[in-house]
Amino acid sequence: MGAPRMIPFLITGIPLQAALLSGLLIVIMGLLGTAVFLSLAIVLRAEQYLYPLSLLLLLPCTGLSIVLPLILHSGFTPLLQGILLLPLLVFPLSLPIKTLQPSWFATAQELGANTQARLRFFWWPLLQKAVFISLFLSFICSIVQ
């Protein structure tokens, strides 16, 4: 019978299905990690540290994420790559949050806005562009991998 026929993905020789699954894992892990990290920063009132921390870790973590498949051949590699992409995905989100005044959140609470209303009328307009940029970067990095 011979070897099963596979469609190689670009030059790597990885089957197309495995490459798509790995890219999907990178996107999901990166976006979930970003959401958790951003939520923790907002809950802990550490928004002012997001920008310098993501800027400091941006190049080393992104570079390591790109090089990681050459170093580590494991089923956990896409998950680790998604985690290492956190500074890249948090960076565009940290810029609008950095400009946020602390009194805005308190004002929205005092005006009686529940969590859903604050998310819809306050956070979404503020972070809409940055969310789409992070989503785009996440997809681009998963394709490059």
Side-chain angles (χ1 to χ4, degrees), residues 6-145:
M6 296 184 296
I7 301 171
F9 184 70
L10 297 176
I11 303 170
T12 61
I14 298 173
L16 182 61
Q17 295 85 1
L20 290 175
L21 181 62
S22 141
L24 185 63
L25 282 174
I26 292 170
V27 168
I28 290 171
M29 193 62 188
L31 293 177
L32 284 177
T34 302
V36 168
F37 188 74
L38 197 62
S39 299
L40 282 174
I42 290 170
V43 166
L44 297 174
R45 303 279 189 234
E47 302 95 357
Q48 69 269 17
Y49 302 115
L50 276 178
Y51 179 76
L53 183 64
S54 63
L55 188 60
L56 180 69
L57 295 174
L58 183 67
L59 290 178
C61 286
T62 305
L64 185 59
S65 174
I66 292 171
V67 175
L68 193 63
L70 301 173
I71 300 169
L72 181 66
H73 302 288
S74 166
F76 295 109
T77 304
L79 298 175
L80 292 174
Q81 286 177 301
I83 291 170
L84 286 171
L85 287 175
L86 283 179
L88 179 69
L89 302 178
V90 168
F91 182 70
L93 294 167
S94 68
L95 294 173
I97 290 176
K98 181 182 173 190
T99 62
L100 182 67
Q101 296 177 3
S103 62
W104 291 0
F105 187 73
T107 302
Q109 279 183 324
E110 288 173 8
L111 290 175
N114 61 9
T115 306
Q116 185 179 13
R118 285 193 307 261
L119 180 65
R120 188 171 20 144
F121 296 118
F122 179 68
W123 288 109
W124 180 244
L126 180 69
L127 298 176
Q128 188 174 12
K129 277 186 186 176
V131 165
F132 286 124
I133 289 171
S134 289
L135 190 61
F136 177 73
L137 287 172
S138 163
F139 281 117
I140 292 298
C141 287
S142 72
I143 290 171
V144 167
Q145 301 302 322

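All residue numbers refer to positions in the sequence shown, counting from 1.
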Taking the side chain as C-beta and beyond, is there a heavy-atom pair between P69 and Q81 under 4.5 Å? yes

If you define the side chain from C-beta out and look only at heavy atoms, does anything of L50 sit under 4.5 Å from F37? yes

Distance check, rounded to the nearest 0.5 Å: L86 atom CG versus L32 atom CG? 10.0 Å

Given 3.5 Å as the limit, does a donor-acceptor pair link the side chain of T62 with the main chain of L58, or not? yes

Can you tell if the side chain of L53 reaches within under 4.5 Å of the side chain of L57, non-hydrogen atoms only? yes

d(L64 CG, L84 CG) to nearest 0.5 Å is 5.0 Å

Out of curiosity, L85 CG to S65 OG, how far, rounded to the nearest 0.5 Å? 3.5 Å

Y51: ring-ring contact (aromatic ring centres under 6.0 Å, His included) partners, not counting sequence neighbours: F91

Just one of L31, L25, I26, L24 clears the side chain to side chain contact (heavy atoms under 4.5 Å, CB included) bar with I28, so which one? L24

Roughly how far, to the nearest 0.5 Å, is the CG atom of L55 from the CG atom of L95? 9.0 Å

Which atom of P92 lies closest to which atom of A130, heavy atoms considered: O-CB, 3.3 Å

What is the distance from atom OG of S94 to atom CG of L89, rounded to the nearest 0.5 Å? 11.5 Å

